[in-house]
Every structure is written in structure tokens, then in C-alpha cells.
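All figures in this text were calculated on a predicted structure; none of them were measured in a lab. Starting from 1, each residue takes its place in the sequence as its number.
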Amino acid sequence: MNLIRLVLTCPLLAVSLLAASGARAGDARYLGLLNRAHDSVVALEVAPAGSDAFVVRPIEVLPGGGGSGVVRLGDQGCRFDLRMTFGNGRRAVYHAVDVCRGDTLAIQPLPRSRTPATVAGR
């Protein structure tokens, strides 16, 4: 009797797991930020990759040299552009960050140049 119950229950369990995983496709995307730059990140804007439709995302100040936090990026897609403003006024843009490939972005120190930095996604 236990074998019959197991055989009948397994397909139901598999169907419910597949339905649950399909529902997660529209879930919000989150990204961990690890600030390895020298200056604090004081502001963050997020856009779908390549769209230039940046939206401000509230964050706690991420201190330079190892500060970390988590930010909500969006509800759909895997790739996002992130524009960061540092405490010294400089900006950097990380293009096409793929949150489906990883859940943490290590923010690198900016080059010495005073122009805004553009960084490829990971």
C-alpha cells in the first residue's frame, strides 16, 4: 500500500514543484553589492540593460573598502545597467550585469582619471 501511495504522490509533487518554479520567473531580482572601491557609494540608479531608463534605488551608504548591501533591481529579465555615484562625486556605470549568473557585484576602484568610468558587466 505504501508503494502505491508513493507512486501516486510523486507525479503530484513534481507538478507542484514545476508550477512553483514557473511562478518565480516574475519574482523581483536582487543583487548583493560589495564595495571594493576606495570611496563610499552614496547613490544607485538601475535600468534594464541598454535602455538608459535609469530609476533611483534607495540604498544605505556603502562604505569603501568592503561595505556591502543588497538592492532590488527589477521584476523581469537578467541583465541590468547600474549607475553609481561615489562620495567624492564621481560616477561609474556597470553595463549588462547578469543577475541570473551571479548574485553579487564587486564594485572595483575607479581609475585615476576624472571622467566617468564605464565598466562591463560580469
Side-chain angles (χ1 to χ4, degrees):
M1 185 68 163
N2 286 337
L3 181 60
I4 294 173
R5 188 176 292 175
L6 178 66
V7 169
L8 293 176
T9 310
C10 284
L12 292 175
L13 180 60
V15 168
S16 63
L17 287 173
L18 287 173
S21 67
R24 302 187 98 201
D27 287 351
R29 306 286 190 201
Y30 290 87
L31 181 66
L33 301 173
L34 174 60
N35 187 4
R36 292 187 176 160
H38 304 293
D39 295 300
S40 297
V41 174
V42 297
L44 177 72
E45 299 168 274
V46 176
S51 72
D52 204 37
F54 286 96
V55 175
V56 174
R57 292 286 189 244
I59 61 167
E60 299 280 328
V61 171
L62 299 176
S68 63
V70 175
V71 65
R72 181 180 176 274
L73 299 179
D75 295 329
Q76 296 179 348
C78 290
R79 294 181 184 270
F80 296 88
D81 293 342
L82 284 76
R83 183 164 53 198
M84 297 168 208
T85 303
F86 292 87
N88 63 1
R90 294 185 66 197
R91 291 177 132 188
V93 178
Y94 282 77
H95 291 285
V97 175
D98 189 345
V99 296
C100 294
R101 286 188 54 207
D103 60 359
T104 303
L105 173 68
I107 301 164
Q108 299 302 312
L110 296 177
R112 292 186 185 265
S113 165
R114 285 291 184 199
T115 59
T118 300
V119 183
R122 52 183 172 93

(message) Check whether Asp103 reaches the backbone of Leu31 with its side chain - one donor and one acceptor, N or O, closer than 3.5 Å.
(response)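 Here the side-chain-to-backbone pair does not exist.
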
(message) Has Ser51 got a side-chain atom pairing as donor or acceptor with Ala53's backbone, closer than 3.5 angstrom?
(response)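 Pair found, side chain donor or acceptor close to backbone of Ala53.
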
For a quick test of your reading: what N or O donor-acceptor pairs under 3.5 Å do the side chains of residues 60-74 make, sequence neighbours left out?
from  : atom 1 : to    : atom 2 : distance (Å)
Arg72 : NH2    : Asp75 : OD1    : 2.3
Arg72 : NH2    : Asp75 : OD2    : 3.2

(request) Give the C-alpha distance, both sets of side-chain angles, the deciding distance and a yes or no for side chain to side chain contact (heavy atoms under 4.5 Å, CB included) between Leu44 and Leu82. (result) CA-CA 7 Å; Leu44 177 72; Leu82 284 76; 4.0 Å; yes

Indicate yes or no: at least one non-hydrogen side-chain atom of [X] is less than 4.5 angstrom from one of [Y].
X: Ile59; Y: Val41; value: yes
X: Val55; Y: Val46; value: no
X: Val97; Y: Asp81; value: no

(request) May I have all residue pairs that pass salt bridge (charged side-chain N to carboxylate O under 4.0 Å, His left out) and include part of residues 38-50, sequence neighbours excluded? (result)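 Salt bridge (charged side-chain N to carboxylate O under 4.0 Å, His left out) check on residues 38-50 returns Glu45-Arg83, Glu45-Arg91.
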
(request) Hey, could you give me the CG/CE distance between Asn35 and Met84, rounded to the nearest 0.5 Å? (result)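 With rounding to 0.5 Å, CG (Asn35) is 8.0 Å from CE (Met84).
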
(message) With rounding to the nearest 0.5 angstrom, report the CG to CG distance, Asp98 to Leu105.
(response)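 Nearest 0.5 Å value for the CG-CG distance: 11.5 Å.
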
Taking all non-hydrogen atoms of both residues, which atom of [X] and which atom of [Y] are closest, and how far apart?
X: Val99; Y: Phe80; answer: CG2-CE1, 4.0 Å
X: Phe86; Y: Ile107; answer: CZ-CG2, 3.9 Å
X: Tyr94; Y: Gln108; answer: OH-N, 2.8 Å
X: Gly77; Y: Arg29; answer: O-NE, 2.8 Å

